[in-house]
Protein chains: 2
Amino acid sequence: MSRPRGFVEADVLERAMQYFWTNGYEATSMSALTGYLGLHPGSLYRTFTDKHTLFLRALEHYRDTQTRQLAPTLLAGGPVLPRIRTILIDYLEAAADESVPRGCIAVNTVGERLPRDEAAGRIVQEILALVEDGFRQGLEAAARHGEIPADTDVATEATTLMTLLQGLQVVVKAERDPRRLTRMIDAVLTRLAEPVRHVDA
Amino acid sequence: MSRPRGFVEADVLERAMQYFWTNGYEATSMSALTGYLGLHPGSLYRTFTDKHTLFLRALEHYRDTQTRQLAPTLLAGGPVLPRIRTILIDYLEAAADESVPRGCIAVNTVGERLPRDEAAGRIVQEILALVEDGFRQGLEAAARHGEIPADTDVATEATTLMTLLQGLQVVVKAERDPRRLTRMIDAVLTRLAEPVRHVDA
DNA sequence: CCAGAATGTGAACGTGTGTTCTCAATGCGT
DNA sequence: ACGCATTGAGAACACACGTTCACATTCTGG
């Protein structure tokens, strides 16, 4: 009842996520944010309590809209390894294309807020776990279809891919040239596909 | 001439680096910093101009005292691969031991200040380049001594190790349990040492 | 031993921050 | 049609931040 809202909460969350993503937490002032969102402070605080609470909800929005897509994307059918390659390469090209590379909001949050901000830490942990699990599911499918050796330790390899991806998000923001990094990605994935045999000296 | 300083500039820089390292840039207030350094605002600003300038000098101090040690450490004689392993594992254990894992100041700076802060970006880029070059020199020595195959693409593998290390610094701050990460490191290094042969299906 | 330049000291300043308050406008339930 | 809870609007608040100032202190060069 009474007067209805002039905005959709999910839309505001999406835009807030975008803003925090490119500007970080501290460097995002509430006045700049209200301007960007087209909301007045009153509406913002009534709906989201706090700057910090809004930030956490934006992080959760990232987790639910961005990270949750990974596993379904990898398992959509057809070869998995090329899909993993595409995902990694896309990050590089996005950073090279954007005039302002913003990396990954989870990685940025780790650098800026952890370990001080425990609530943000928990959400980031969930994001990392989702990424790792997505890679694990993808590698399991790849093992079943013979893309990689059947005896591959998929759990460990998933951890490697996840860690490598986080490292990529760091490196990409500091150094934009994607060529060296592309070669690295191809080397890692090629190795993954190749059966390994011990050779006696 | 005139009154001499009551502090040593390098010592202040070291302490400032430590404080920025654990607290980040924005969350470090000048009043907290002066308290921690035992300096009054006047002395600080006369010597270091600015909060931002002091931060940049602290970053350079990190580059010169921490990162520059990598190559000499790896080339100190004896097998290189175990030394690389020790370096990576030490990061994990340090994060697990510390009540407050602070990761790496370069990675934290990427998350908090880049790409906005171009001056910091340049220093971080130098740090990453030093790390990568240290690994490359180490791998070249390892190839010469037969620790890894002689035809290894050491430049690409150095990029992989550098990126993996940055990823590690991110993951370690979000999730402290080092065991999974230890397994991953061992898997990566073991692979590096093993000759790879293509096997016809 | 004295002149003078740089230092230690800590109070003070202006600015921008996150947040709250007041008030008119709005539209649903009855 | 009307009451009233909730909204949009934006001025205002308290506070903390980075920075500067004025002044007494201290030591060196001549």
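Quick note on labels: first sequence line is chain A, next is B, and so on, each numbered from 1. Bear in mind that the values here come from a model prediction, so they are computed numbers and not experimental data.
Taking atom CG of residue B:Leu44 and atom C1' of nucleotide D:dC17, one finds them 15 Å apart after rounding to whole Å. Rounding to whole angstrom units, OH of residue A:Tyr45 and C1' of C:dT22 are separated by 17 Å. Between the CG atom of A:Leu39 and the P atom of D:dA9 there is a distance of 9 Å, given to the nearest Å. To the nearest angstrom, P of D:dT19 lies 14 Å from CZ of B:Phe55. Rounding to whole angstrom units, CZ of residue B:Arg5 and P of D:dT26 are separated by 18 Å. Rounded to a whole Å, the CG atom of B:Asp50 is 17 Å from the P atom of D:dC17. One atom, CG of A:Leu37, and another, C1' of D:dT7, lie 17 Å apart when rounded to the nearest Å. For the pair A:His52 NE2 and C:dG18 P, the computed distance is 13 Å after rounding to whole Å.
Under the side chain to side chain contact (heavy atoms under 4.5 Å, CB included) rule, A:Thr109 has a single partner from A:Tyr62, A:Phe55, A:Trp21, which is A:Phe55. Tested against B:Leu92, the residues B:Val171, B:Asp177, B:Leu168 include a single side chain to side chain contact (heavy atoms under 4.5 Å, CB included) partner, B:Leu168.
Among the protein residues, B:Thr28 comes within range of the sugar-phosphate backbone only, with heavy atoms under 4.0 Å from sugar or phosphate atoms but none that close to a base. Base contact: B:Gly42 has a heavy atom under 4.0 Å from a base atom.
Within the 4.0 Å cut-off from OP1 or OP2 of D:dT7, not a single side-chain nitrogen or oxygen of A:Ser43 is found. When the side-chain nitrogen and oxygen atoms of B:His40 are compared with OP1 and OP2 of C:dG10, one or more of them lie within a distance under 4.0 Å.
Between the side chain of A:Lys51 and the backbone N or O of A:Tyr25 there is at least one donor-acceptor pair closer than 3.5 Å. Looking at A:Asp50, its side chain never comes within 3.5 Å of a backbone N or O of A:His52 through a donor-acceptor pair.
Taking 3.5 Å as the limit, the base of D:dG8 and the side chain of A:Arg46 contain a donor-acceptor pair of atoms between them.
For A:Phe7, whose side chain is taken as the heavy atoms from C-beta onward, the closest listed nucleotide among D:dG8, C:dT17, C:dT19 is D:dG8.
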Can you list the steps and then say if B:Glu140 with B:Arg136 is a salt bridge (Lys or Arg N to Asp or Glu O under 4.0 Å)? CA-CA 6 Å; B:Glu140 278 170 358; B:Arg136 191 180 50 71; 2.8 Å; yes
